[in-house]
Amino acid sequence: MVGGSSFLQFPSKPSLFQHNNPMLLLHQNNRTTSSTTRTRQVVMMRLGSTNKKGATTRFPVEAISEDLIKPYVYYSSASSDSNKPQFKVTAVVTVRNNTTHDFKDCIAKHIDAITDKIGRNVVLQLISTQIDPKTKAPKKSKEAVVRDWSNAKAERVNFTAEFMVDSDFGEPGAITVKNKHQTEFYLESIAIQGFASGTVHFPCNSWVQSTNTKDHQHAYLPGDTPSGIRELREKELKNLRGDGKGVRKLSDRIYDFDTYNDLGNPDKGYELVRPTLGGSQKYPYPRRCRTGRVPTTRDIEAESVVDNPRLVYVPRDEQFEEAKMKTFIFKRIEALLRIFIPGIKAAISPSNQDFNHFSEFDDFYSEERFLKKFQLPQLVTKIQECSQGLFKFDTPKIIAKDKFAWMRDEEFGRQAIAGVNPVNIERLQVFPPVSKLDPQAYGPLHSALKEEHILGQLNGMTVQQAIVENKLFMIDYHDVYLPFLDEINALDDRNSYATRTILLLTPSGTLKPVAIELSLPPGGPSSRSKQVVTPPVDATTNWMWQLAKAHVCANDAGVHQLVNHWLRTHACMEPFILSAHRQLSAMHPIFKLLDPHMRYNLDINAIARQRLINAGGIIESSFTPGRYCMEISSAAYKNFWRFDMEALPADLIRRGMAIPDSTQPNGLKLVIEDYPYAKDGLLIWSAIENWVRTYVNHYYHHPSMICNDKELQAWYSESINVGHADIRHKSWWPTLNNNEDLVQILTTLIWTSSAQHAALNFGQYPYGGYVPNRPPLMRRLVPQEGDPEYANFIADPQKYFLNALPSLLQAAKYMTVVDILSTHSPDEEYLGERPQPSIWSGDAQIIEAFYQFSAEIRRIEREIEKRNRDATLKNRCGAGVIPYELLAPSSGPGVTCRGIPNSVST
């Protein structure tokens, strides 16, 4: 007991909740308290803490530890000027200090410490859920000053503040927090002690600026909002939407839409001009978060560029937290070191950038060999003494077990269903394949593939028989690349095809490629426009076959990065997140469900627009399409992306990889039984779907509640009509009329933001870190007899193959970016974890349902581990085979090739 109050009680059940979840702050309003003083008022709505019997809700000890919240209660006989009986309650305020400051921050903190002692404090005020019958306004307590603020030294500090409240105050529904200091602070939580109903918890997890207002609330549907906080709920959303005008400041919390008019930099030259994506039928695209920067000098429609990506506006609570930022900064420094020496070499000897031996790739993974490779032996000793291995890359998993596994056809086929891009393979249903491009625009588009190319590979089957028996599959990039090939091949250091690959399902359940079609635009030389390469029969054609496979991999790498990874999991999710903040109050149960799955997405997307997908950025310099990368992404959005097909079952059926079957656990029968991505993915999808269905049905007891929920309907409508305005009229958009509609929409969003992104992202370095396995671009075409380069190929086919791969500097840049993207930060929150248990503290049924979801995720992880030990599953177990763990839910920090974070955070 401390001051007459007992400590919180905790059950023995282990916690499923970890880390901090950014509170989404809502009510924003500038107030002037005097002619010289502006304060920020933070309103945080109650998340609930008691049950119907008035007992304090119990949370797992890991969820709210004594270190996080220490409930001290102080009683006083101080008199009141009110005629009503009053009693004292205490707030325990938990603040996390930022441990990294620049000089300006340090000075401001010293000033705050001084001014805090003379009255410029952090001030709290309680707001009741009840209305005062006389004033018709919510009941309020007197203000209370947070004590001893200037003594904050540790990383996490608990402060106290005392309130006097009337006996008929009711329950606290909100707290206002006025920050009169100069500097912001990070507020983790507030616990209110002293009410008869028990401790009231306010998980906050938000930055509190010295201006503006914000709030957070208990889970209420719009019609169930207590009268005392109803007005706050409406005001908060109005302020979060902003007015769509002006330049956004870094401290703002305004969510608005804009087109991708910030990718180019025309003021630095014509070569950096890029079209605006979004707002036109030629270049349709999802909307991104509006920053409102001034236009460039040369193009009034293009937004000016900020050199420092950390100065690009992202709503304050969406920005990386300290642990994430430290990881990101460290990886960027590491990347700069790793490309520093190749960059010098390229500047000194631009014509000497080819790889000539496979051993030169191994130099990347040995610091001493890497430094000596560039003929800088005099620096080797000194650099090694202080670099601590920062100049070398870690050995990728693809060559860790078997250095030559990547060359085998079986591994090529395995990666199509268990690699970093397992979502483009489809069942072959028509042979030869048929293009969907307009022949009026692109000329004759018939395939060069013929039965004789593959007949000898089909184990005695005819082509039609193999199709009927679901034995033939295809990876088709013909229509994606062909419209852009003339422009791509006109670029320096780029030579590409539009590829089709035919694969056969073998009796052992593995895939092997049996033919590759290489297409160039019909307007070129007739002998080069169509070419079919088949598996080798001698050593010379082996390298021609390896070249053809490398071109397929380069096509695959581009589609993976620009379409499947960036477009589908990053860009297309951003409108749903922006609209969630704009239309769903933080007290809305659907917002609370989506909250952890929106973390960091806006920030990582903003960084990508400045450093990755921008004109001259890493993606353009590292991948085949070059300056046409984002135009290809836009074309894929126009011709391919469909929200209703982003659901895993629908996508598998669309690609012919699964057949509806009600006798199967997931209602689907896979055409390839050992399809690791689909097999594990369906387990994850089903777990998410069941959790979401339980959650939705708990809050919505009748379909009319869905239709009458104005916030929910406004969120979904704005996500489509504004966030995806260019394709808003498509007939395939799902309706939102009943519970099952909502379940499928939410499951698709959560799946895409968590498991789908993980499957496409965290294997990038383990597979792509060895460039010959997965080259992001190719610099030479496959030679044919009569070509000028054919003699060079015959003379030294291995050297020709190596010279066709990216240059040394291109390879180094690519390896650094996929290394960064594949890295988990220490503060990652994984699927099945929830950082704030008290977000549902008033509802035991939802807490129990989440425990069941978390337990199911852990069971799935054990099942995946079991599958990876099953020697009969050749696509995930065997000599030189990387076990498929990209959908294994948990992970440690770093590059692990596993782990499903809750959100798109890299």
Side-chain angles (χ1 to χ4, degrees), residues 275 277 282-286 415-416 419-428 430 432-439 441-443 445-449 473-491 494-503 516-524 529-531 548-572 613 619-620 622-642 645-646 651 654-656 727 760 774-778 781:
L277 302 186
K282 184 177 181 181
Y283 298 115
Y285 218 61
Q415 289 186 33
V420 71
N421 189 38
V423 297
N424 278 108
I425 189 168
E426 58 185 288
R427 180 164 54 90
L428 186 65
V430 176
V434 178
S435 172
K436 296 179 182 178
L437 293 175
D438 181 3
Y442 300 104
L445 296 169
H446 59 273
S447 173
L449 287 162
F473 298 84
M474 177 173 62
I475 302 173
D476 188 356
Y477 296 130
H478 178 277
D479 289 4
V480 175
Y481 279 92
L482 193 71
F484 297 91
L485 278 184
D486 282 334
E487 290 84 357
I488 291 172
N489 289 338
L491 299 172
R494 299 288 196 282
N495 272 297
S496 182
Y497 296 100
T499 65
R500 286 192 181 105
T501 306
I502 308 299
L503 302 102
I516 295 173
E517 181 184 31
L518 306 170
S519 296
L520 292 170
S529 62
K530 298 286 182 181
Q531 183 179 356
K549 289 196 297 182
H551 274 281
V552 173
C553 289
N555 272 193
D556 187 78
V559 171
H560 163 261
Q561 196 67 262
L562 300 171
V563 179
N564 298 330
H565 179 214
W566 165 255
L567 173 67
R568 295 173 67 183
T569 69
H570 282 258
C572 286
I613 63 172
I619 299 299
E620 285 193 359
S622 299
F623 288 83
T624 292
R627 63 177 296 155
Y628 304 101
C629 277
M630 293 307 292
E631 291 184 36
I632 285 182
S633 187
S634 172
Y637 178 67
K638 179 179 181 179
N639 300 319
F640 170 78
W641 189 82
R642 291 179 49 160
M645 292 293 137
E646 292 302 287
D651 176 58
R654 170 175 62 175
R655 293 189 282 121
I727 56 173
L760 295 168
R774 190 173 174 78
L777 62 85
M778 294 293 286
L781 298 175

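In this text the structure is predicted, and so the values were computed from the model without any measurement.
Closest non-hydrogen pair, S529 versus P522, comes out as CB-CA, 4.3 Å. Across every non-hydrogen atom of H560 and L760, the tightest pair is NE2-O, 2.6 Å. When every heavy atom of V430 is checked against every heavy atom of V434, the shortest pair comes out as CG1-CG2, 4.2 Å. Contact record, A498 with H478: CB-O, 3.5 Å, taken as the closest heavy-atom pair. The heavy-atom pair separating P433 from L449 by the smallest distance is CD-CD1, 3.9 Å. Shown here for K530 and A448, the closest heavy-atom pair between the two residues is CB-CB, 3.7 Å.
Taken to the nearest 0.5 Å, the CZ atom of R568 stands 11.0 Å off from the CE atom of M645. Atoms CG and CG, on L520 and D486 in that order, are 8.5 Å from each other to the nearest 0.5 Å. How far SG of C553 is from CZ of R774: 7.0 Å, rounded to the nearest 0.5 Å. Atom NZ of residue K638 and atom NZ of residue K282 lie 10.0 Å apart, to the nearest 0.5 angstrom. Atoms CZ and CD1, from F473 and I425 in turn, are 6.5 Å apart once rounded to the nearest 0.5 Å. A distance of 7.5 Å separates NZ in K549 from CD1 in I516, rounded to the nearest 0.5 Å.
A donor-acceptor contact closer than 3.5 angstrom links the side chains of E517 and S447. A donor and an acceptor atom, one from each side chain of D556 and N424, are nowhere located under 3.5 Å apart.
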Exercise for the section: Would you sort out whether M474 and L503 count as a side chain to side chain contact (heavy atoms under 4.5 Å, CB included), showing the intermediate values? Expected result: CA-CA 6 Å; M474 177 173 62; L503 302 102; 5.8 Å; no

Exercise for the section: With side chain to side chain contact (heavy atoms under 4.5 Å, CB included) as the test, would you mind laying out the steps for I727 and W641 before giving the verdict? Expected result: CA-CA 10 Å; I727 56 173; W641 189 82; 3.8 Å; yes

Problem - Stepwise side chain to side chain contact (heavy atoms under 4.5 Å, CB included) test for S519 and Y481 - result: CA-CA 9 Å; S519 296; Y481 279 92; over 6 Å; no

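With hydrogens and angles ignored, the 3.5 Å screen pairs no side-chain donor or acceptor of R500 with any backbone N or O of Y477. In this structure a side-chain-to-backbone donor-acceptor pair under 3.5 Å is present from S633 to L562. T569 places a side-chain N or O within 3.5 Å of a backbone atom of H565 that can act as its donor or acceptor partner. The backbone N or O of P625 sits nowhere less than 3.5 Å from a side-chain atom of S496 that would complete a donor-acceptor pair. For the pair N421 (side chain) and A557 (backbone), a donor-acceptor distance under 3.5 Å is absent. Looking at R427, its side chain does come within 3.5 Å of a backbone N or O of G656 through a donor-acceptor pair.
Residues F623 and L777 have side chains not in contact (no heavy-atom distance under 4.5 Å, counting atoms from C-beta outward). Side-chain atoms of P286 and L567, non-hydrogen and from C-beta on, do get closer than 4.5 Å to each other. Contact annotation: the side chain of N495 never approaches that of M778 to less than 4.5 Å [non-hydrogen atoms, C-beta and beyond]. Looking at P483 and I632, their side chains never come closer than 4.5 Å, going by heavy atoms from C-beta outward. Looking only at side-chain heavy atoms (C-beta outward), P284 and S634 come within less than 4.5 Å of each other. You'll find the side chain of L482 stays beyond 4.5 Å of the side chain of Y497, heavy atoms only. Residues I488 and T624 have side chains in contact (heavy-atom distance under 4.5 Å, counting atoms from C-beta outward). Put simply, the side chain of Q561 reaches to within 4.5 Å of the side chain of I619, judged on heavy atoms.
Residues satisfying the side-chain hydrogen bond (donor to acceptor under 3.5 Å, both in side chains) test with E620, not counting sequence neighbours, are R274. For the side-chain hydrogen bond (donor to acceptor under 3.5 Å, both in side chains) test, residues two or more places apart in sequence or in another chain that qualify with W566 are Y285. Qualifying side-chain contact (heavy atoms from CB on, under 4.5 Å) partners for E631, counting only residues two or more places apart in sequence or in other chains: P275, Y283, F484, Y628.
Residue N555 is tested with T501, T499, D476 for a side chain to side chain donor-acceptor pair (under 3.5 Å); the sole match is T499.
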